[in-house]
**Q** 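Quick one: structure below, then a few questions.
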There are 2 protein chains.
Amino acid sequence: MDEVDRHLLALLQQDATTPYAALGQAVGLSAGATHDRVRKLRERGVIRRTTVEVDPAALGRGVLAFVMVDSSRWVGDSGDRFAAIPEIQEAHVIAGSASVLVKVRTATTEQLQDVLRRLYAIDGVSGTQATVVLETFFERPVAP
Amino acid sequence: MDEVDRHLLALLQQDATTPYAALGQAVGLSAGATHDRVRKLRERGVIRRTTVEVDPAALGRGVLAFVMVDSSRWVGDSGDRFAAIPEIQEAHVIAGSASVLVKVRTATTEQLQDVLRRLYAIDGVSGTQATVVLETFFERPVAP
DNA sequence: TGATCTGCCGATTTACATTCTGCATAGTGG
DNA sequence: CCACTATGCAGAATGTAAATCGGCAGATCA
């Protein structure tokens with residue numbers, strides 16, 4: 001994990017379709033050596049996968065909200081229960097008064113309400129506090 | 001945006017390196033037709049870009065926190081100020097008592113504290129409330 | 001100094017993206 | 001009811017890039 005690797009990661013985050021020849025030129029390596037570097041980054045798990053970024057609005061997911069989930073019981077093993085709700089994009093166990101923080105994308109606020117209903121159905125969930133996003137400044141990859 | 005498009009998006013989110021021939025087989029189309037579909041999804045902006053998912057821990061960003069930022073002034077135009085802090089991965093204007101919600105990744109809690117310091121330096125920011133993530137259940141793409 | 005390992009280059013081979021032609025279907029307007 | 005045009009797909013072509021390989025140079029260690 002040297003400076004070249006970090007540079008490659010940054011370039012790939014911007015556009016993972018960039019040919020190895022162009023990547024190599026940017027970092028001062030041949031296409032073959034660049035290919036090696038990226039392959040090793042994948043093997044080591046630094047690069048988890050290659051994916052496409054999809055516009056949430058185009059998928060009918062124009063409403064974004066963060067929900068603090070309170071619990072009356074241990075929910076540290078209930079990851080699957082949260083994963084079963086497809087509108088939930090992220091779920092984190094947190095330190096503090098609430099227990100779990102989830103990121104939710106729905107088409108409408110009515111559907112958001114329905115997600116809250118399904119959250120309450122999870123064993124141990126005793127309350128929710130939803131915060132609706134009015135405007136997203138930015139969402140970007142982790143800077144290498 | 002029919003069922004085939006949604007299926008293609010799901011497949012590409014899983015692995016954007018899948019050849020068009022394989023994608024086509026999965027959705028019941030030829031490679032050429034699949035290529036057309038994906039090209040149009042890109043042109044329409046449904047697919048924003050192709051990127052790589054990087055393990056935050058491998059980049060020395062093992063600490064994840066969400067920070068509620070309170071403000072005494074209008075901060076709806078201060079997106080650039082937040083973007084100038086590289087540890088901030090997301091920034092959203094929210095409805096509720098706080099004004100902005102940011103997602104922060106740092107190597108240590110000391111660095112998290114330093115980010116809070118830089119947040120306070122933004123005009124109008126009057127307070128912060130940080131919530132540290134203990135465990136991430138999952139982070140996944142928006143389900144098509 | 002000799003041996004081994006690592007990283008890189010350059011070329012080869014293979015695979016895939018991309019483009020093109022032609023066809024079928026579904027709308028559109030006379 | 002019949003041309004006319006759009007659109008979407010298949011199948012084959014062409015081009016380009018991915019993936020693989022052999023060999024070399026520098027580093028590390030015995």
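In what follows, every chain begins at residue 1, and chains take the letters A, B, ... in the order their sequences are listed. Below, all heavy atoms of this structure are taken into account, side chains as well, without hydrogens, waters or symmetry copies.
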**Q** Which residues, ordered by chain and number, are linked to A:L101 in its hydrophobic cluster, where ILVMFWY side chains connect at heavy-atom gaps below 4.5 Å, directly or through other members?
**A** A:L64, A:F66, A:M68, A:I94, A:V133, B:L64, B:F66, B:M68, B:I94, B:L101, B:V133
**Q** How long is the line joining CD of B:Q25 and C1' of D:dG11, in whole Å?
**A**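 For the pair B:Q25 CD and D:dG11 C1', the rounded distance is 16 Å.
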**Q** B:S99: what forms a side chain to side chain donor-acceptor pair (under 3.5 Å) with it, not counting sequence neighbours?
**A** B:S71
**Q** Please encode protein proximity along nucleotides 22-28 of chain D as a string of B, S and -, counting only heavy-atom distances under 4.0 Å.
**A** -------
**Q** Shorter than 3.5 Å, N or O on both sides, protein versus nucleotides 7-11 of chain C: list them out with atom names.
**A**
unit_1, atom_1, unit_2, atom_2, d
C:dG7, OP2, A:K40, NZ, 3.3
C:dC8, OP1, A:R37, NH2, 2.7
C:dC8, OP2, A:R37, NE, 3.2
C:dC9, OP2, A:S30, N, 2.6
C:dC9, OP2, A:S30, OG, 2.8

**Q** With sequence neighbours excluded, what pairs up with B:D70 under the salt bridge (charged side-chain N to carboxylate O under 4.0 Å, His left out) test?
**A**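 None.
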**Q** For A:E139, is the CD atom crowded, meaning more than 12 foreign heavy atoms sit under 6.0 Å from it?
**A** yes
**Q** Hey, could you give me each pair passing ring pair (Phe, Tyr, Trp, His ring centres under 6.0 Å) that has a residue in residues 12-40 of chain B? Not counting sequence neighbours.
**A** B:Y20-B:H35
**Q** Based on Watson-Crick and G-U pairs with both distances under 3.5 Å, what dot-bracket line describes DNA chain C 5' to 3', crossing pairs as [ ] and inter-strand pairs as |?
**A** |||||||||||||||||.||||||.|||||
**Q** Please enumerate all protein N or O atoms sitting under 3.5 Å from an N or O of nucleotides 15-19 of chain D, with distances to 0.1 Å.
**A**
unit_1, atom_1, unit_2, atom_2, d
D:dA18, OP2, A:Y20, N, 3.2
D:dA19, OP2, A:H35, NE2, 3.1

**Q** In terms of side-chain geometry, is the basic nitrogen of A:K103 or B:E90 positioned less than 4.0 Å from the acidic oxygen of its partner?
**A**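 Looking at A:K103 and B:E90, the cut-off is met.
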**Q** Can I get a per-line list of side-chain donor-acceptor pairs under 3.5 Å for residues 55-62 of chain A, giving both atom names and the distance, sequence neighbours left out?
**A**
unit_1, atom_1, unit_2, atom_2, d
A:D55, OD1, A:A57, N, 3.2
A:D55, OD1, B:R48, NH2, 2.8

**Q** Is the closest side-chain heavy-atom distance between B:I85 and B:L119 below 4.5 Å?
**A** yes
**Q** List the residues meeting salt bridge (charged side-chain N to carboxylate O under 4.0 Å, His left out) with A:D77, not counting sequence neighbours, and say none if there are none.
**A**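 Expected list: none.
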**Q** Applying salt bridge (Lys or Arg N to Asp or Glu O under 4.0 Å), run through B:R6 and B:D2 and close with a yes or a no.
**A** CA-CA 7 Å; B:R6 267 185 286 275; B:D2 59 2; over 6 Å; no
**Q** Got a sec, which residues hit side chain to side chain donor-acceptor pair (under 3.5 Å) with A:T17, two or more places apart in sequence or on another chain?
**A** A:D15
**Q** Hey, could you give me each pair passing side chain to side chain donor-acceptor pair (under 3.5 Å) that has a residue in residues 120-138 of chain B? Not counting sequence neighbours.
**A** A:H92-B:T136
**Q** With a 4.5 Å heavy-atom cut-off, do A:Q13 and A:V142 have their side chains touching?
**A** yes
**Q** How would you label the glycosidic angle of D:dA6: syn (within 90° of 0) or anti?
**A**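 What D:dA6 shows is a syn base, its glycosidic angle lying within 90° of 0.
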